[in-house]
Q: 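Dumping the structure here so I can ask a few things about it.
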Amino acid sequence: MTVLFASDLDQTLIYSRNSMGIEVKAEELIEVERFEGKPQSFMTEQSQSALWELEPNTVFVPVTTRTREQYERVTGIYEGSEPPQFAIISNGAVILENGEPIKEWSTDIRRRCVDEKTVIEELLPVIQQYFNEDWVLRVRQAEDWFVYLIVDREKFPEEKIGFYTKIFRKIGWGMSLQGRKLYFMPESITKAAAMEYVRDRIKADYVIAAGDSLLDLDLLESADAGLLAAHGEAVRADAEVSDHIIVTEEQGIKAGEEILAKVADLSLQSK
Ligand SMILES: [Mg+2]
């Protein structure tokens, strides 16, 4: 019996200082990302050993919206230095197999984006039309796949997110607000589809998924069991979820520990 643990990284398994939620003693923290010379993301020691101990009974596949460059900065989620057999990045637009992108997968996603006209060139003018606002600090492209704005959260009008969501959904783009990033994601780029591909490839019998944001919901819905972090965007947005998805009791970095403990239990139960 093969169990797949498909999990989001940021604010699910790894946390920045700002997203930890509580003070954690320095000696309990393990740095898992360094950016521009500074420690950027962490796990607790407990989470790291729980994650490592899942193997070899459970196959862990990271499923992140990070681009390849951003993903490759993350260390310490695997014991040893070999790349994992599979990692899902760019929100599912890219699947790495032994550290290298599967070309046919991304070509197929590209074709679907072109067919549905959800390409960045079509999106940018609409963004300019609606987001000529002082709280938009920067507009960033994640390779050729999607766009995110860096926003000033102090000035950001949270009450307008529903209005914007409707406008962009009409032209085939989903939206997600995570920290200072406001994502615009083509509907054909999903974590779930990439996870299904990996599920077939490794012939997994049972899938446990974990996440925190609206971009994780499709992944959790298509898994057999889903774990949703209580502090995340999806819970705050009051998103409706199926019965196989449970919300953590803990918040912040402690939710990460709770998720990994539950994965170990579920994984044992399913055997
Ligand atoms: Mg996340």
Side-chain angles (χ1 to χ4, degrees), residues 5-22 32-33 35 40-44 47-48 50-51 60-77 87-96 140 142 145-151 153 156 161 165 174-185 189-195 207-223 225-239 241 245-248 250-260 262-263:
F5 173 43
S7 180
D8 174 51
L9 295 177
D10 293 271
Q11 277 117 75
T12 298
L13 297 183
I14 71 174
Y15 291 81
S16 65
R17 287 259 178 221
N18 283 337
S19 64
M20 275 178 206
I22 51 156
V32 293
E33 180 185 22
F35 184 52
Q40 176 82 15
S41 306
F42 303 86
M43 295 181 86
T44 61
S47 284
Q48 189 187 53
L51 184 57
F60 165 51
V61 174
V63 188
T64 178
T65 302
R66 286 175 176 247
T67 59
R68 188 175 184 184
E69 194 190 336
Q70 294 163 344
Y71 166 71
E72 286 176 346
R73 286 204 299 262
V74 180
T75 54
I77 53 174
I88 294 167
I89 59 172
S90 296
N91 207 59
V94 178
I95 302 174
L96 301 177
R140 291 249 168 92
W145 300 112
F146 58 89
V147 171
Y148 56 96
L149 310 182
I150 307 288
V151 302
R153 283 297 289 263
F156 181 78
I161 193 91
T165 301
M175 283 178 77
S176 170
L177 179 64
Q178 302 179 35
R180 299 169 65 224
K181 291 177 180 164
L182 181 62
Y183 290 92
F184 296 82
M185 190 63 66
I189 300 182
T190 67
K191 290 185 168 186
M195 181 276 278
V207 180
I208 307 163
D212 69 294
S213 78
L214 290 174
L215 294 177
D216 298 318
L217 285 184
D218 57 78
L219 173 71
L220 271 61
E221 286 293 343
S222 56
L227 300 162
L228 191 55
H231 53 258
E233 178 195 28
V235 171
R236 276 186 280 116
D238 218 2
V241 295
I245 298 173
I246 55 170
V247 176
T248 62
E250 300 283 351
Q251 307 247 351
I253 201 162
K254 289 284 164 192
E257 289 181 353
E258 183 184 340
I259 285 168
L260 287 160
K262 289 213 160 74
V263 173

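Indexing begins at 1, ligand by ligand and atom by atom, following the structure's order.
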Q: Inspect the contact between Glu233 and Arg236 and indicate whether a charged nitrogen and a carboxylate oxygen are less than 4.0 angstrom apart.
A: no

Q: Do Leu260 and Phe5 come within less than 4.5 Å of each other through their side chains, counting heavy atoms only?
A: yes

Q: Strictly below 4.0 Å, N to O, side chains only: are Arg66 and Glu33 in salt-bridge contact?
A: yes

Q: Tell me, which protein N/O/S atoms are under 2.8 Å away from the Mg ion (ligand 1)?
A: Asp8 OD2, Asp10 O, Asp212 OD1

Q: Verify salt bridge (charged side-chain N to carboxylate O under 4.0 Å, His left out) between Lys262 and Glu258, making sure each step is shown before the conclusion.
A: CA-CA 6 Å; Lys262 289 213 160 74; Glu258 183 184 340; 2.7 Å; yes

Q: Can a salt bridge be assigned to the pair Glu72 and Arg68 using a cut-off of 4.0 Å between side-chain N and carboxylate O?
A: yes

Q: Using the ring centroid of each side chain, check whether Phe184 and Phe146 are separated by less than 6.0 Å.
A: no

